[in-house]
Each structure stands twice: as C-alpha cells, then as structure tokens.
There are 2 protein chains.
Amino acid sequence: MSKATLAQLSKSTKSVTDSAGQVRQQRNFLENLRNMAVFAYVVERRSFSAAARDLGVTTSAVSQQIRALEEEMGIVLMHRSTRKLSLTESGEAFYQSCQEMVEAAEQGRSRVNELRDDVVGDLRIATTPELCVNHIVPALSQWMQSHPQLNIHFEVENKNIDLIESRIDIALRMSPGLADSSMVARPLFQVNQILCASPEYLARYAPIKTPEDLQQHTMIAMELLKEPSQCEFIDPVTGKRLSVLLNARLFTNNVFLMKSLCTTGQGLMRVLHIDVQKELANGELIEVLPEWPMPGYTLYALTLRRERQPLKVTRCLEALLQHFSQLPIRH
Amino acid sequence: MSKATLAQLSKSTKSVTDSAGQVRQQRNFLENLRNMAVFAYVVERRSFSAAARDLGVTTSAVSQQIRALEEEMGIVLMHRSTRKLSLTESGEAFYQSCQEMVEAAEQGRSRVNELRDDVVGDLRIATTPELCVNHIVPALSQWMQSHPQLNIHFEVENKNIDLIESRIDIALRMSPGLADSSMVARPLFQVNQILCASPEYLARYAPIKTPEDLQQHTMIAMELLKEPSQCEFIDPVTGKRLSVLLNARLFTNNVFLMKSLCTTGQGLMRVLHIDVQKELANGELIEVLPEWPMPGYTLYALTLRRERQPLKVTRCLEALLQHFSQLPIRH
DNA sequence: AAGCATTACGGCGTACGTAATGATT
DNA sequence: AATCATTACGTACGCCGTAATGCTT
C-alpha cells in the first residue's frame with residue numbers, strides 16, 4: 001500500500017491505476033487457467049461429476065471452480081439444471097478457447113515426454129575435426145543408423161564451444177573440462193601423444209636419440225595446446241617426467257595443416273597417435289623417440305549437469321562408451 | 001489412503017495403479033497450467049525478473065514455478081547463467097505449446113469480454129407470431145439497424161419455449177412467467193383484451209347487451225389460455241368481476257386462424273386488442289360489449305436470472321421499455 | 001556495486017474435502 | 001431412491017514474499 005502511495009506521488013494517478021489493474025489482471029489470468037481447463041472438461045463430459053471423477057477431485061471442487069470462473073469473468077457460462085448443462089453464447093465461445101488451451105498444453109507435455117523418453121529430435125555433438133572423423137563418426141555410425149528419428153548435428157570446431165550457447169548435448173574434448181561444476185565429464189578412453197616427423201626431415205637434420213637432442217630441432221606448433229612448443233616425456237627407466245622446450249616457427253590451429261607441414265619436412269610435430277595412424281603405417285611419417293612415451297590425453301565426453309538427461313543423450317553416451325571400451329589398448 | 005486400500009482389494013493392483021496415476025497426472029496437469037504460462041512469459045521476456053514484474057510477483061515465485069515445472073516434467077527446460085537464458089531442445093518445443101496455450105486463453109477471455117461488453121454476437125428472442133409482427137419488430141426495428149454487428153434470432157412459437165434449452169435471451173410473454181425463480185420478468189406494457197365478432201355473425205344471432213347474453217353464443221377458443229371458453233368482465237359500475245362460460249366448438253392454437261374463423265362468422269372470440277386493430281378499423285370485426293372492459297394482460301419481458309447480463313440483453317430491454325413507454329395508453 | 005537467480009523458511013490465503021441441502025429423474 | 005449440483009465451513013496444503021547467498025557484469 002505504501003508502495004502504491006509512493007508511486008502515486010511520482011506518476012499520474014491514472015497510469016498507476018492502470019498498471020496496478022494490469023498486474024491484477026495478469027495474476028487472475030494465471031489463477032484462471034486451471035479453472036478454464038476444468039470448464040473445458042466439464043463441457044466435454046457434460047457433467048460436473050464426470051469431470052470431477054476424471055480430474056480426481058470432488059464435484060464440490062468443480063462447482064467452486066466454475067463459479068469462481070464465472071464470477072471472475074463477470075458472466076454466466078452455462079446454465080445448469082441438475083440433469084442438463086447448456087452453454088450460453090459466451091460459454092460456447094469461451095469453451096472453444098479453453099479447449100484449444102487444453103489441447104496446446106497437452107500437446108506440449110506429450111512432446112516433451114517424447115523428447116525425454118524417446119530417441120528423437122536433435123542431438124548436438126561438439127568435437128574437433130580430427131576426433132570427429134577418426135573416432136566419433138566410426139563410433140556412432142551404427143547407432144545413428146539404428147535411430148532414424150534422430151537428427152545429429154556435429155558442431156566441429158577447433159575451439160571449445162560453449163555448451164549452453166550452442167545447445168550442445170555432448171562435447172568430446174581432450175581436456176576434462178574447465179572445472180565448471182555445471183558440467184560433468186566422463187572419460188572415454190586414453191589417447192597417446194607421439195612426436196613424429198617426415199623421413200626427409202629426419203634424414204636432413206641431426207639424429208634424435210634422447211630428448212635432449214630435440215633442442216636442436218624445430219617444432220610445428222599446435223596453438224590450441226597449453227605449451228605448444230614444449231614436449232614432455234616419461235623416463236622409461238626412472239618414470240620421472242622431463243620437459244624439453246623446442247624452437248617453433250610455424251603455428252597453426254588445424255591438425256590437417258600441421259600434418260601437411262610435417263610431411264613436407266618443416267619440422268617435428270607433437271600429435272595424437274590416432275591422428276597419424278595412417279601416415280605412420282604408410283611411412284609418410286615416422287615416430288621420433290618411440291621408447292620415450294609422452295603423457296597421454298584422456299578423451300572426455302562432456303555434458304551439462306542435469307538431474308535427468310534426455311534419453312537420446314544417455315543412449316549416445318552408452319554407445320560411445322561401448323565403442324571405446326572395445327578398442328585395443330595402444331591407440 | 002484407506003480408500004485406495006479398499007480399491008486395491010476389489011480391483012487388480014495394476015489397474016488401480018494406472019487409474020490413480022491417471023488422476024495424479026490430471027491433477028498435476030491442472031497445477032502446471034499456471035507454471036506453463038509463467039514459463040511462456042519468462043521465455044518471452046528472456047528474464048525471470050522481467051517476467052516477474054509483468055506478472056506482479058517476485059522473481060522468487062517465478063523461479064519456484066519454473067523449478068516445479070522442470071521437476072514435474074522431469075527435464076531441464078532452460079539453462080540459466082545469471083545473465084542469459086537459453087532454451088534446451090525440450091524447452092524450445094515446450095515453449096511453442098505454452099505460447100499457444102496462453103494465446104488461446106487470452107483469446108477466450110477477450111472474446112468473452114467482447115460478448116459481455118459490446119452489442120455483438122447473437123441475441124435470441126422468443127415471442128408469439130402476433131406479438132412479434134405487431135409489436136416487437138416495430139419496437140426494435142430502429143435499434144436493430146443501429147447494431148449491425150448483432151445477429152437477432154426470433155424464435156416464434158405459440159408455446160412457451162424453454163429459455164435454457166433454446167438459449168433464449170429474452171422471451172416476450174403475456175403470462176408473467178411460471179413462477180420460476182430462475183427467471184426475472186419485467187412488465188413492458190398493458191394490453192387489453194376484447195371480445196369481438198364479425199358483423200355477419202352479430203346480425204345473424206341474438207343481440208348482446210349484457211355479459212349474460214353471451215351464454216347463448218359460441219366462442220372460438222384459443223387453446224393456449226387457461227380458460228379458453230370463459231370470459232371475465234369488470235362491472236363498469238360496481239367494479240366487480242364476473243365470469244361467463246360460453247360454448248366452444250372450435251379450438252385452435254393460432255391467432256391468425258382464430259381471426260380467420262371469426263371473420264367468417266363462426267363465433268365470438270376473445271383476443272388482444274392489438275391483434276385485431278386493423279380488422280376493427282376496417283369493419284371486418286366489431287367489438288362486443290365495449291362498455292364492459294375485460295381484464296387486461298401484461299406483456300412481460302422474461303430473462304434468465306443472472307447477476308450480469310451481456311450488454312446486448314440489457315440494451316435490448318432498454319429499447320423495448322423505451323418503445324412501449326411511448327405508446328398511447330389504450331392499445 | 002548493482003542486478004539477477006536461487007534457496008530456505010514461515011505465514012497467509014485458498015482451494016479442496018466433508019457434510020448437509022435441494023433438485024431432478 | 002439415486003444421482004447430481006450447490007453451499008457452508010474448517011482445515012491442510014501450497015504458494016508466495018522476505019531475506020540471505022552466490023554469481024555475473
């Protein structure tokens with residue numbers, strides 16, 4: 001009340017009255033939605049008691065709802081003569097809308113239930129290009145085919161997309177996530193890093209027998225990594241870690257380009273084993289210091305933390321886990 | 001609880017569970033309508049606080065509503081990061097329906113308001129044919145023309161139509177109504193009854209000087225009246241009433257037919273003055289015992305008792321009262 | 001620092017059930 | 001007699017506001 005009084009001092013009386021009325025109107029509008037639905041049920045069943053049974057309330061409740069609705073609307077909606085209900089003109093018109101209202105609400109609910117409980121709709125997956133081509137698509141190929149109702153979007157970027165903004169359901173990343181508690185990370189499998197170069201390069205420059213030798217060499221740097229031009233190794237004897245900082249002149253954010261640069265002999269590159277499997281097999285690239293393992297990365301599937309994921313998301317995660325659990329240990 | 005237990009004893013557990021679930025579902029459905037509307041507002045305004053202001057509640061309330069909705073639906077509808085709201089796929093789909101729901105509800109309300117506050121839609125009037133032709137149409141002619149948005153239905157019957165069943169807004173009757181408290185009767189004006197006959201008839205049969213002379217005569221009876229073959233008079237000297245029972249051989253429920261029978265000399269008839277004005281003027285019929293007035297009828301406008309009539313009804317009643325108040329006293 | 005969303009908590013309001021009444025078949 | 005709608009009344013539940021907290025810009 002004091003609020004209203006204050007407002008009256010600063011604004012014109014009329015506008016205040018109007019806006020207060022508006023608000024009041026709105027609130028009553030909300031209150032009446034349930035009554036409108038009850039009204040629709042009553043009209044459909046042509047009986048207060050039948051509607052009450054359907055709705056799981058007493059006829060008393062129904063009667064009170066209709067009365068309240070009529071009072072609020074300021075008009076008689078139906079004439080009731082104990083055995084027979086008959087709509088007024090207003091009631092008839094109003095029923096149309098109530099009916100539509102209920103229908104829209106029911107449709108909304110059923111659609112949501114469907115999206116929650118069936119593998120339908122859209123599934124949006126964020127990955128990097130290489131991961132996507134090399135592993136995600138193979139991992140999901142069969143699963144995708146068995147769910148023709150599901151549209152799958154691969155949002156392929158070399159940066160970490162914001163899950164919320166881009167509506168990503170599942171993101172596949174090497175980093176376990178940004179320590180954001182709104183997300184949950186599930187490790188999928190372990191990927192190994194290797195250092196490699198083209199045969200030409202290795203032939204041309206100083207031989208590499210130990211990590212220390214690397215300091216004479218040039219690195220093609222992947223910008224997305226924390227320390228692009230640094231290499232970490234695990235001593236095969238002691239198990240201790242050691243880091244070597246290389247020179248880097250070429251930088252890129254694209255693995256394909258990096259591979260291209262590497263195969264043409266521009267330098268060494270640190271890359272995931274899975275990204276160069278083919279090139280290693282056909283001799284285009286050669287692993288450097290194979291006896292010095294580098295620390296691996298873990299591939300994570302990230303989702304937003306929810307108490308209840310849509311079924312399609314959990315099923316997709318299952319399919320991913322299933323696939324990766326079958327892979328051999330050395331990737 | 002005891003109720004449910006009893007039900008379980010009499011029916012199969014499964015069916016009971018289902019039906020109980022159904023009911024529960026329905027009730028929650030009703031509860032959620034308001035939440036769905038709130039959700040729609042939030043999405044539209046892209047803000048909890050803005051929606052709250054619009055709706056005249058606190059953000060706290062809005063937050064609780066959305067939470068409740070999400071819990072009930074078992075799914076996240078929107079991701080909220082303090083400054084930004086973003087719908088999930090389910091939320092997007094759900095919003096569509098909520099939007100439609102709100103729209104239907106608003107449309108229903110505005111339509112009802114229109115029907116209540118404007119002279120639009122349908123107006124259903126019940127009368128007898130003669131009343132309609134002789135008085136109602138003339139009374140409303142101008143008013144009807146000034147409301148082109150209004151459709152007027154004349155339900156013309158020689159019996160008293162059930163107002164509810166036939167959706168009559170206004171009934172015009174001679175009897176003040178069936179003492180039904182669900183209706184309200186407004187007297188419009190006083191109509192006089194007269195006794196008349198054709199000149200041929202009067203010339204052919206015994207002269208009529210006093211009411212007692214009538215007992216020698218034959219009456220054409222209007223079935224719809226309480227005592228069709230009886231005539232009541234008011235003694236012009238003493239003011240006392242006296243009744244005379246005439247013979248009646250011809251019965252009908254139609255005034256036009258009655259007039260036709262009367263003009264062809266089949267007998268006397270008791271009729272409203274307004275129904276034979278023309279015939280009296282051109283000499284086709286002659287009033288009998290003009291110095292002995294008969295008790296008049298009152299023309300009533302009957303409506304169903306409502307706390308609030310649609311505007312068109314009250315306006316129509318006004319037009320009728322207006323018209324009849326202008327008429328000369330002797331009808 | 002200001003605006004926004006969330007949560008816990010408690011009080012108020014109300015919607016519902018119970019029971020009695022009236023109406024209709 | 002049975003079913004249905006209405007009303008009065010009291011209670012229990014749920015909704016919302018207050019206040020405190022955390023988060024973002």
Side-chain angles (χ1 to χ4, degrees), chain A residues 1-3 23-24 26-28 30-39 41-43 45-72 76-86 162 164-165 178-182 305 307, chain B residues 1-4 23-24 26-28 30-35 37-39 41-43 45-72 76-86 162 164-165 178-182 305 307:
Chain A
M1 196 58 188
S2 70
K3 219 175 187 174
V23 165
R24 187 84 206 118
Q26 294 286 37
R27 294 198 62 167
N28 283 345
L30 292 182
E31 311 300 335
N32 278 346
L33 287 174
R34 59 177 303 115
N35 298 353
M36 289 171 67
V38 170
F39 173 65
Y41 276 97
V42 168
V43 174
R45 303 305 312 266
R46 294 189 150 61
S47 151
F48 279 49
S49 359
R53 277 192 296 273
D54 279 10
L55 296 167
V57 297
T58 60
T59 59
S60 169
V62 173
S63 177
Q64 292 173 69
Q65 312 252 17
I66 302 297
R67 160 168 295 273
L69 188 58
E70 288 184 327
E71 269 174 20
E72 161 65 20
V76 174
L77 294 171
M78 42 168 57
H79 293 295
R80 1 209 204 291
S81 54
T82 307
R83 284 291 155 179
K84 215 189 289 177
L85 295 181
S86 125
D162 177 57
I164 291 179
E165 197 158 355
L178 311 156
D180 189 332
S181 72
S182 75
R305 182 176 302 281
E307 69 292 351
Chain B
M1 196 59 186
S2 70
K3 219 172 185 176
V23 165
R24 188 87 205 116
Q26 293 287 38
R27 295 199 61 166
N28 283 346
L30 291 182
E31 310 300 335
N32 279 346
L33 287 174
R34 59 178 303 118
N35 298 353
V38 170
F39 174 65
Y41 277 97
V42 168
V43 174
R45 304 305 311 268
R46 292 188 153 61
S47 150
F48 279 49
S49 358
R53 276 191 297 272
D54 278 10
L55 295 168
V57 296
T58 60
T59 58
S60 168
V62 172
S63 177
Q64 292 173 69
Q65 312 254 16
I66 302 297
R67 161 167 293 274
L69 189 58
E70 287 184 328
E71 268 174 19
E72 161 65 22
V76 174
L77 294 171
M78 42 168 57
H79 293 296
R80 1 207 203 292
S81 53
T82 308
R83 284 289 156 180
K84 215 188 291 179
L85 295 182
S86 125
D162 176 57
I164 292 179
E165 196 157 356
L178 310 157
D180 190 331
S181 72
S182 76
R305 183 175 301 282
E307 69 292 350

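Because the structure is predicted, anything quoted here is derived from the model rather than measured. Labels below follow one simple rule: chain letters A, B, ... track the order of the sequence lines, proteins then strands, and each chain is numbered from 1.
For the pair B:Arg34 CZ and D:dG14 P, the computed distance is 13 Å after rounding to whole Å. The distance between atom CZ of B:Phe48 and atom P of C:dG3, rounded to the nearest whole Å, is 19 Å. For the pair A:Arg46 CZ and D:dA5 C1', the interatomic distance rounds to 17 Å; values are reported in whole Å. In this structure, B:Gln65 places its CD atom 10 Å from P of D:dG17, rounding to the nearest Å. Look at CD on A:Glu31: it is 11 Å from P on C:dC16, rounded to the nearest Å. Rounded to whole angstrom, the span from the CD1 atom of B:Ile164 across to the C1' atom of C:dA23 amounts to 13 Å. Rounding to whole angstrom units, CZ of residue A:Arg67 and P of C:dA15 are separated by 14 Å. Look at CG on A:Leu85: it is 13 Å from C1' on D:dT6, rounded to the nearest Å.
A close approach under 4.0 Å does occur between a side-chain nitrogen or oxygen of A:Ser49 and OP1 or OP2 of D:dA5. When the side-chain nitrogen and oxygen atoms of A:Arg53 are compared with OP1 and OP2 of D:dT3, none of them lie within a distance under 4.0 Å. Between A:Thr59 and D:dT6 there is no side-chain polar atom (N or O) within less than 4.0 angstrom of OP1 or OP2.
The structure places CD of A:Glu72 at 4.5 Å from CG of A:Asn32, a figure rounded to the nearest 0.5 Å. Taking CZ of A:Arg34 as the start and CG of B:Leu33 as the end, the distance is 8.0 Å to the nearest 0.5 Å. Expressed to the nearest 0.5 Å, how far CG of A:Asn35 lies from CD of A:Gln65 amounts to 4.5 Å.
Checked against ring pair (Phe, Tyr, Trp, His ring centres under 6.0 Å), A:Phe39 has the following partners two or more places apart in sequence or in another chain: A:Phe94. Applying the side chain to side chain donor-acceptor pair (under 3.5 Å) test to A:Ser60 and every residue at least two apart in sequence or in another chain returns A:Gln64. With sequence neighbours excluded, the residues that form a side chain to side chain contact (heavy atoms under 4.5 Å, CB included) with B:Ala50 are B:Arg45, B:Ser47, B:Arg53. For A:Ala61, the side chain to side chain contact (heavy atoms under 4.5 Å, CB included) test picks out A:Val57, A:Thr58, with sequence neighbours left out.
Closest heavy-atom contact between B:Ser63 and B:Phe48: CA-CE2, 3.7 Å. Closest heavy-atom contact between B:Val42 and B:Met78: CG1-CE, 3.9 Å.
Among D:dG17, C:dG17, C:dT7, the nucleotide with an atom closest to any side-chain atom of B:Val57 is D:dG17.
Rotation axes derived from the C1' atoms of the five outermost pairs at either end of the helix from C:dA1-D:dT25 to C:dT25-D:dA1 lie 40° apart, to the nearest 10°.
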Polar atom pairs between nucleotides 18-20 of chain D and protein, under 3.5 Å, N or O only, would you list them?
| unit_1 | atom_1 | unit_2 | atom_2 | d |
| --- | --- | --- | --- | --- |
| D:dT18 | O4 | B:Ser60 | OG | 3.1 |

